[in-house]
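To start, the structure under review is shown below, and the notes come after it.
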Amino acid sequence: MVGQLLKHLTVNGQVTSDQLPLPAPLRQAVTELQENYAQPVSIANLAEQLNYSSVYFSRYFKDYMGISPKAYLGQIRLERATSLLMTSQDSIQNIALKTGFSTEKNFFVTFKQYYQMTPRTYRQRYSAQQSWS
């Protein structure tokens with residue numbers, strides 16, 4: 001299921017309406033997550049905005065999208081962070097804060113779990129490859 005979602009993500013993490021026909025509440029939730037990823041996001045508040053209980057909303061989101069809203073938000077943040085690692089000279093701490101991670105340590109742990117390397121290693125490896133292209 002996650003593979004299905006990843007097929008529908010564009011390079012910048014956006015799910016466009018022509019890629020995946022989302023029901024209106026999910027389209028609103030996805031837009032909210034994509035636009036506010038750098039801010040602290042409460043899934044419970046998002047569910048309340050859509051007139052759902054947080055438990056029902058999370059289940060509905062996961063059933064339809066194949067991933068929980070929290071995991072989806074994490075993927076957006078990581079994707080934005082990798083883009084900044086490759087295209088900017090910002091410090092890793094600055095990138096962590098710009099992409100919504102509460103601390104550099106939280107960013108480091110999450111990044112390493114997902115990519116099996118540190119953000120610094122990722123930057124060195126992939127921004128070097130980008131300069132060869």
Side-chain angles (χ1 to χ4, degrees):
M1 285 187 190
V2 173
Q4 288 295 336
L5 174 64
L6 293 176
K7 283 188 220 173
H8 296 292
L9 288 175
T10 64
V11 174
N12 64 359
Q14 302 282 328
V15 176
T16 59
S17 58
D18 62 326
Q19 291 174 317
L20 186 63
L22 295 173
L26 286 182
R27 189 175 24 242
Q28 185 178 348
V30 164
T31 300
E32 181 81 19
L33 292 172
Q34 290 172 349
E35 290 176 355
N36 297 307
Y37 69 90
Q39 308 301 319
V41 175
S42 165
I43 302 303
N45 288 347
L46 182 57
E48 188 177 315
Q49 284 178 320
L50 299 170
N51 296 316
Y52 291 117
S53 74
S54 60
V55 172
Y56 178 80
F57 171 72
S58 292
R59 189 177 319 126
Y60 177 54
F61 191 100
K62 186 171 184 172
D63 286 348
Y64 200 90
M65 301 287 287
I67 188 171
S68 72
K70 184 177 178 180
Y72 181 74
L73 176 61
Q75 283 185 345
I76 292 170
R77 287 175 171 167
L78 283 172
E79 189 173 298
R80 300 300 197 283
T82 58
S83 176
L84 288 171
L85 285 168
M86 291 189 303
T87 61
S88 79
Q89 295 300 317
D90 286 349
S91 70
I92 290 173
Q93 180 181 20
N94 217 13
I95 290 172
L97 296 175
K98 279 183 177 180
T99 54
F101 289 91
S102 54
T103 65
E104 184 180 4
K105 181 179 179 178
N106 178 262
F107 172 59
F108 182 88
V109 169
T110 304
F111 194 95
K112 192 164 183 179
Q113 282 178 331
Y114 195 81
Y115 291 103
Q116 289 78 48
M117 67 181 81
T118 66
R120 180 167 282 112
T121 302
Y122 186 94
R123 174 180 264 170
Q124 290 168 343
R125 184 173 295 167
Y126 294 108
S127 61
Q129 284 183 0
Q130 208 174 29
S131 66
W132 290 101
S133 312

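Looking at V30 and M65, their side chains come closer than 4.5 Å, going by heavy atoms from C-beta outward.
Note that CD of Q116 is 12.5 Å distant from OG1 of T121, once rounded to the nearest 0.5 Å. Here the CG-CD distance, from L84 to Q89, works out to 11.5 Å after rounding to the nearest 0.5 Å. Put simply, CZ on R123 and CD1 on I95 are 4.5 Å apart, with the number rounded to the nearest 0.5 Å. Here CG of L46 is found 14.5 Å from NZ of K70. Values are rounded to the nearest 0.5 Å. Atom OG1 in T99 sits 7.0 Å away from atom OH in Y37 (nearest 0.5 Å).
Using a 3.5 Å distance cut-off with no hydrogens or angles, the side chains of Y72 and Q34 do pair a donor with an acceptor.
F111 and Y114 fall within the same hydrophobic cluster, where Ile, Leu, Val, Met, Phe, Trp and Tyr residues are linked whenever their side-chain heavy atoms come under 4.5 Å apart, directly or through other members. Cluster membership check: L97 does not share its hydrophobic cluster with I92, using side-chain heavy-atom separations under 4.5 Å among Ile, Leu, Val, Met, Phe, Trp and Tyr.
Ring pair Y52/Y60 is tilted by interplanar angle, where 30° to 60° counts as tilted.
Using a distance-only test at 3.5 Å, with no hydrogens or angles considered, a donor-acceptor pair links the side chain of T82 to the main chain of E79.
Taking N94 as the reference, nothing meets the side-chain hydrogen bond (donor to acceptor under 3.5 Å, both in side chains) condition, with sequence neighbours excluded.
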